[in-house]
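Keep in mind the model is a prediction, meaning the values are calculated, not measured. Chain identifiers are assigned alphabetically (A, B, ...) following the order of the sequence lines, protein sequences preceding nucleic acid strands; residue numbering begins at 1 within each chain. What's counted below: heavy atoms across the whole structure, side chains too, no hydrogens, waters or symmetry copies.
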Amino acid sequence: MTAGHDDRHCAAPSPSALMEAEVLTNTEVAAGLWRLRLGMPQWSRSEPSPGQFVMVRVSDDGDPLLGRPFGIAGFWLHGPTAEMEIIFRVVGKGTGFMTRWSSGSPVRLLGPLGNGFPLPPLGSRCILVAGGVGLPPLLALARSLESGGRGGDVLLLYGEANRDRMLDLDTLPDLGVRFATCTEDGSCGREGLVTDLLAAAEIGEDSLVYACGPAPMMRAVHERVSGRCLDSFYSLESRMACGFGVCAGCAVEVREGDEWTYVRVCSEGPVFSGDLLTERSFRQA
Amino acid sequence: MTGKNRKAVPDLTVDLGRGLVLKNPVMTASGTFGYGEEASAYLDLSELGAVVVKGISEEPRRGNPPPRVVETPAGMLNSIGLQNVGVKAFLAEKLPFLLDRGATVVVNVLGSTVEEYLRVTERLSTAPVIGGIEVNISCPNVKEGGVQFGMCPDMAAGLVASLRSATDLHLMVKLSPNSGDIPGMARAVEEAGADSVSLINTITGMDIDIRTRRPALGGVFGGLSGPAIRPVALRMVYEAFGAVRIPVVGIGGIADPEHAVKFIIAGSLAVQVGTAFFLDPLTPLRVIKGIEEYLSREGMLSLADARGSLVVGDPG
Ligand SMILES: Cc1cc2nc3c(=O)[nH]c(=O)nc-3n(C[C@H](O)[C@H](O)[C@H](O)COP(=O)(O)OP(=O)(O)OC[C@H]3O[C@@H](n4cnc5c(N)ncnc54)[C@H](O)[C@@H]3O)c2cc1C
Ligand SMILES: Cc1cc2nc3c(=O)[nH]c(=O)nc-3n(C[C@H](O)[C@H](O)[C@H](O)COP(=O)(O)O)c2cc1C
Ligand code: FES
């Protein structure tokens, strides 16, 4: 296994549970934010639901060793083949390597994994709150609601630090939902935090809130909307080793009656109902 | 690969003694396979030599606070903290599933006192369908000021002797690399009645987040596993093989068939795959296939031909 960090590839060892994919395009769409489109010649599983994720193998030579979890931002089936979109921010070694992938690079991944967002009951309104790179799974949810004819019920709120880091939502022709954006420095959209956008939005008993982003942001959303809406759902992050439930490495604390317990973000989550979460759940995420 | 001299299919069966017979030498390592439920979505559990389940204690344990895992060069540190469902729930809820899937089950047992190990072992011995017990001696002994059983040959031997008198199940004793004296430890547990030794468990380490100046793990210390520990594990397996007559089970960074073959040449009769399972759930099956191919290529009819075949010194 000396595949190295470039695009040269040795045949995947067999048998393997990983799916073979090929990079269609990999482009930097904002500062440090990349949009990776993968083609899968053979898609034999059920279609992923919004909020599910994949474990991406970054290297075959053991460095980095572990797979990296990424939310599925978009998915399209074309007969037996499929196309998957991942949107990633460069934060370290693994995501750094991923920027070197270009059209034709082979990629191996495990998934789809975890439980996605429960779909809203008919007649409810959905507020999607995305902080930074928490956007991808909510894009998948918005796209899925839109293609199910429910785009009109959706309001997507998206906040970033500044304009440079922001994905321009107007470049996604299939999004088809109302959205509002904000930046901390006011360089794009409203100035402030995404929770300020949320404060300005109408939340009622027919509203469902879906959130994904940095832990402090999700905690603020949880505090604001709990008890004021029909239900709220949070896609949590945690350090993961396996991504499919066998290592217990991704534990996060949740409510269990009057007590608490640890659950696995990868297999009981990553999406949890707000009813289960406490302030500590976000501190650990 | 030219097809000349087609060799007979080598026999992969392994008899570890006292009723623990594996259809092939590849087991899953404790704590890296859960209780087999998630894994069974990817592979047929009956194709494995054995499933070694997550360490079981008398009562359920919640485990350590997060973060519980952190990556290191060619490895990872974990501080899961022995989270498990407890022996009662294991027997009622987890074991039936494993048996239904045709798995050979080895139960990793842990405790804070000799008495706790004993009670868990006695409970397990009432379930005659268990293939064997792997005794995790890397646990702190609360009656001896928290010193790990596995750090002191006398304490380890005392524990194994108690368990030996309480069960007829195969007793595999899992050695800790944190004990400096592997041959001494292996001999001590062999004399106390162990049927086999498995090694290595994780190597204690730590990591620090320099921005927050906090430990990277909630449990402060963690256990190092993965390819990074393979050379250490290989050396220790070789030492243990030289020290005892009971079978040695090699563990540590096995991710490819060639790694497993190295452990077999060093003296292992069987191996366990741990961290590499996280990277690809079919790793154990790939290792089985590769071992068979190696034996076949080398014209060996069984594992015994390769086991402990290391040539040291002048090849002349
Ligand atoms: C379910 C899930 C879905 C995710 N979806 C996306 C996504 O759609 N897009 C995206 O850009 N990122 C996503 N992430 C985060 C992504 O997995 C990490 O950014 C990535 O693993 C970092 O890899 P690296 O090698 O570049 O960083 P490393 O070198 O491993 O670490 C760099 C920094 O990132 C932090 N970090 C590492 N792993 C994680 C993690 N799992 N969660 C939080 N912080 C981490 C470290 O503390 C460190 O500060 C998701 C994480 C989870 C758990
Ligand atoms: C996440 C994790 C949890 C583990 N839990 C246990 C355990 O409960 N009992 C035990 O004896 N060993 C446990 N181990 C150690 C492994 O069984 C194995 O000895 C070690 O990881 C070295 O093998 P590897 O490099 O193939 O992973 C654990 C290892 C990991 C990575
Ligand atoms: S990452 Fe291994 S159990 Fe969740």
Side-chain angles (χ1 to χ4, degrees), chain A residues 1 12-19 45 55-68 92-94 108-111 113-114 215 236-254 256 259-268 280-285, chain B residues 28 31-39 41-43 54 60-84 216-218 222 225-228 230 253 255-258 274-290:
Chain A
M1 295 299 106
S14 141
S16 167
L18 305 186
M19 214 170 337
R45 322 184 177 205
M55 288 295 272
V56 176
R57 293 286 288 134
V58 181
S59 158
D60 273 337
D61 73 353
D63 184 26
L65 180 67
L66 302 169
R68 297 295 194 258
K93 198 168 191 176
R108 297 193 301 142
L109 47 90
L110 188 69
L113 301 164
L236 298 189
E237 275 195 17
S238 166
R239 299 297 190 94
M240 292 185 176
C242 70
F244 61 99
V246 296
C247 75
C250 59
V252 65
E253 188 179 317
V254 300
E256 188 183 48
E259 273 283 321
W260 63 273
T261 186
Y262 285 129
V263 291
R264 297 161 300 182
V265 171
C266 72
S267 38
E268 275 84 25
R280 291 177 62 82
S281 316
F282 296 107
R283 206 170 341 146
Q284 295 162 340
Chain B
T28 60
T32 64
F33 202 75
Y35 304 107
E37 287 146 324
E38 298 81 9
Y42 297 97
L43 50 76
K54 176 78 188 156
R61 294 194 191 190
R62 275 176 174 155
N64 283 335
R68 290 177 165 190
V69 290
V70 61
E71 198 177 47
T72 59
M76 61 174 278
L77 286 164
N78 87 80
S79 71
I80 308 299
L82 307 175
Q83 175 178 1
N84 78 95
L217 293 171
S225 66
R230 196 188 311 133
D256 280 315
E258 302 86 84
T275 302
F277 182 67
F278 302 158
L279 313 181
D280 184 343
L282 289 190
T283 305
L285 300 190
R286 189 157 54 78
V287 172
I288 296 167
K289 184 168 160 245

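- In terms of non-hydrogen atom pairs under 4.5 Å with chain A, the most contact-rich of B/Leu282, B/Asn78, B/Val70 is B/Leu282.
- Residues B/Arg68 and A/Ala248 share a closest heavy-atom pair of NH1-O, 2.8 Å.
- Counting heavy atoms from C-beta outward, A/Met55 and B/Phe278 have side chains that stay 4.5 Å or more apart.
- Both the backbone and the side chain of B/Phe277 come within less than 4.5 Å of a heavy atom in chain A.
- Here the side chain of A/Asp63 pairs no donor or acceptor atom with the backbone of B/Ala74 at under 3.5 angstrom.
- Proximity to chain A (any heavy atom under 4.5 Å) is restricted, for B/Thr275, to the side chain, taken from C-beta onward.
- Using a 4.5 Å cut-off between heavy atoms, A/Leu110 contacts chain B through its side chain alone, with no backbone atom that close.
- Contacts between A/Leu113 and chain B at a heavy-atom distance below 4.5 Å involve the side chain alone, from C-beta outward.
- Minimum interatomic distance between B/Asp280 and A/Ala17 (heavy atoms only, all atoms of both residues): OD1-N, 2.9 Å.
- Residues A/Arg239 and B/Pro66 are not in side-chain contact: their nearest non-hydrogen atoms beyond the backbone lie 4.5 Å or more apart.
- Between B/Lys289 and A/Pro15 the shortest heavy-atom distance is CD-CD, 4.2 Å.
- In this structure the side chain of A/Leu65 reaches within 4.5 angstrom of the side chain of B/Leu279, judged on heavy atoms.
- With rounding to the nearest 0.5 angstrom, the CD atom of B/Glu37 is 10.5 Å from the OG atom of A/Ser267.
- The contact between B/Tyr42 and chain A is made entirely by side chain atoms (from C-beta outward), counting heavy-atom distances below 4.5 Å.
- Using a cutoff of 4.0 Å between basic side-chain nitrogens and carboxylate oxygens, B/Glu71 and A/Arg68 are scored as salt-bridged.
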